[in-house]
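Notes follow once the structure below has been shown.
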Amino acid sequence: MTAGQLTPSRLVFTFCALAAGIVASPASSQPLRGTQAGQLQSPLSPADRCTECHSGGTTSTGATYMAADTWAPSMMANAQRDPLFQATLAVAEQDSPGIGSLCYRCHSPSAFTGGRAERGQMLDPLQGDSDGVHCDTCHRSVVPTNDPNAPYVSNAQLFYSDATMDTIPTRYGPHNDPMISPRHPSMGSSFIRDARMCGQCHDLTHPTNTRRMADGTDTRAPFPLQSTYTEWAQSDFARRASPETCQTCHMPEITGESLPSTRIPNAPNRARQRRHDFLGANEWGMALLKAAFPGERDEEYDASRRRIQDYLRTAAEVTFTDIPRTAAAGSTVRVSVRVTNRSGHKLPTGYEDARVMWLQLQVGDRVISGDFANDELVSDRQARVYQFKAGYLQGGQVVPSDFVVRHNVVMEDTRIPPLGMMPDARTMPVGRDYSGGPGGALRNYDTVTYDVPVPASIGTVSVRARLMYRTTTKHYVEAIVGANRTDGRGRALMDAWNRSGRAAPFAMAEATATVTVTAPQAPPDEGGCAVSRDRSDTNRHTPWVVGALVAGLAAWRRRRSRNRRG
């Protein structure tokens, strides 16, 4: 392999190193931060230690609510077992076994901090290595007192509380009056309620590539890979007197009753506890887990998927801003549709290379724009798509990029901004103008006008606009599966993909209207006369008209001749 060439394994490995926050950005000379492998004297505990106390409770309606129960079927709990992640990891490990383990800083903090991730597949489930982003990941996450610049948002620079081997590290929660636990010391923490805690992982920049413009100009800023936290920080959601944080939205409160957060006897009841579903955008992920681990948590995965879908339905609104009440059969009319982003970040956000959203417009049974067939969005001249597309410069031309390590040009970023977003160079839309919001901010909506053919039959017809969303694409999955040549994780992903609905599109929002189709109007006669004649009437009188003209001309010539003689 010559200098500058990259195999798929090394391409994916570089992304894993990025996600782990191990590789420093070339734009920064700062040292690596966060708890590193082997530094903790008191290891992160496996989740089942927490489950002993923080599970099993139900609400007055019989619904589970305790942290361990609502966390277990989430993508957080399954971050390490996720077949999509495992197939990606397999590609990274093909050339250098164990090299992809750097991904585990995000996907299995227990494995990373315990030093076991360096041995690749030699993880220890008994130590919590299969627990994904588990209890201690958040409840031992701290801001070090000896670093005035902490916390460090982006690229997984997390610090964990520690203790000596003969003591127990403190767990931190949202309450300033925690109960005394027989298992561990407890303290209240404002950081666990802080959006920056989530931003440590949900904001990523490229570890080696700076962003370039299409003409080759180097901006000298790291290439943006995931800007969810930054998008939020630039929006009205972050600037409000009482900010709506990641926790506020993604960990919904239990309302209407006070409940204990633990099964420890005499535990106090707490009002407005937060569920640990960590609702997000990966609704297909629940189906993938169910297909990959049949019989394990089937009902819980189904219920979690329904909650995520309900949650996604609150993220956007679709309305008709202009649609005719009546239209002539066979004519073409203009219909305008508006999509409004109700979330606190761009829509969609998250892993930018795979997620896509689009408008689908349908008249009766006919899809006018945004159709979906053969696992792909059907391209049409009126298609309105919301996505992030990356590329790289090759021979002076921008080429679409399938591998994250090559990304250095933002080819397109047409995702809808959140309310009040004041973007910087990193988050500015590309390929669509969202200017015109209040106070110089970007608009949090997009209005699209379609040319719509009206059916030929008279009556009424329904017009439906739907905002379609897809967690990942066929192209993305096939690229990963195709690159996996050394083990069965690629085949396992493809099998689960086929048995989980292949990430079929989900309708996040929709609007429906009815148009009355009338008979075509007759064209007006010349001169504004309402009476029309067809061409056959005119042709029928043509011989008589010509004869009259000829006779009149002959009479005029005879009179002129007589006058001259006289």
Side-chain angles (χ1 to χ4, degrees), residues 40-74 76-78 109-110 113-114 124-142 160-194 197-198 245 247-248 250-279 296-301 303-304 307:
L40 289 179
Q41 296 196 44
S42 181
L44 299 178
S45 294
D48 60 10
R49 296 295 304 279
C50 308
T51 301
E52 294 173 6
C53 295
H54 296 280
S55 67
T58 59
T59 66
S60 59
T61 61
T64 58
Y65 73 91
M66 283 192 177
D69 293 324
T70 54
W71 163 85
S74 72
M76 289 284 205
N78 291 279
S110 290
T113 57
D124 188 352
L126 297 179
Q127 296 296 319
D129 294 352
S130 299
D131 293 343
V133 183
H134 63 344
C135 316
D136 271 7
T137 306
C138 297
H139 291 277
R140 281 179 62 179
S141 186
V142 297
Y160 297 110
S161 64
D162 201 4
T164 59
M165 292 302 292
D166 58 348
T167 60
I168 301 173
T170 299
R171 269 64 173 188
Y172 297 89
H175 303 292
N176 293 325
D177 59 339
M179 71 167 292
I180 298 174
S181 169
R183 179 61 59 80
H184 56 75
S186 302
M187 288 186 65
S189 168
S190 60
F191 186 52
I192 204 167
R193 302 189 299 268
D194 195 317
M197 179 180 177
C198 305
T245 65
Q247 296 90 329
T248 302
H250 295 275
M251 300 177 67
E253 289 183 343
I254 301 167
T255 59
E257 56 186 310
S258 296
L259 299 163
S261 61
T262 175
R263 289 187 294 160
I264 297 173
N266 302 316
N269 288 344
R270 305 279 191 184
R272 302 173 64 184
Q273 288 193 53
R274 294 198 176 277
R275 292 177 60 93
H276 286 59
D277 302 274
F278 300 105
L279 300 174
E296 182 184 271
R297 295 182 181 272
D298 291 359
E299 293 183 4
E300 291 177 82
Y301 289 139
S304 181
R307 284 193 293 271

If we only count heavy atoms from C-beta on, is the [X] to [Y] side-chain gap below 4.5 Å?
X	Y	answer
S181	I264	yes
D69	S55	yes
C138	M197	yes
S110	D131	no
P46	L126	no
R193	T245	no
Y160	P169	no
Y172	M187	yes

Passes side chain to side chain donor-acceptor pair (under 3.5 Å), S45 versus R171? Steps please. CA-CA 11 Å; S45 294; R171 269 64 173 188; 3.0 Å; yes
Can a donor-acceptor pair be found, under 3.5 Å and without considering hydrogens, that links the side chain of [X] to the backbone of [Y]?
X	Y	value
R183	R49	yes
N176	G188	no
W71	F278	no
E300	A72	no

Check [X] against [Y] and note the closest heavy-atom contact, atom names and distance.
X	Y	result
T170	R140	O-CG, 3.8 Å
M179	T262	SD-CG2, 3.5 Å
I192	Q247	O-NE2, 3.0 Å
Y65	I254	CB-CD1, 3.4 Å

CZ/R272: more than 12 non-hydrogen atoms of other groups inside 6.0 Å: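 Not more than 12 within 6.0 Å, no.
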Please indicate whether N266 has more than 12 foreign heavy atoms, meaning atoms of other residues, nucleotides or ligands, lying under 6.0 Å from its CG.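 It does not: N266 CG has 12 such atoms or fewer within range.
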Straight-line distance of [X] [atom1] to [Y] [atom2], nearest 0.5 Å:
X	Y	atom1	atom2	result
H276	M66	NE2	CE	12.0 Å
Q273	E257	CD	CD	10.0 Å
D136	H184	CG	NE2	8.5 Å
T113	L40	OG1	CG	5.0 Å
M251	R275	CE	CZ	10.5 Å
S304	L279	OG	CG	7.0 Å

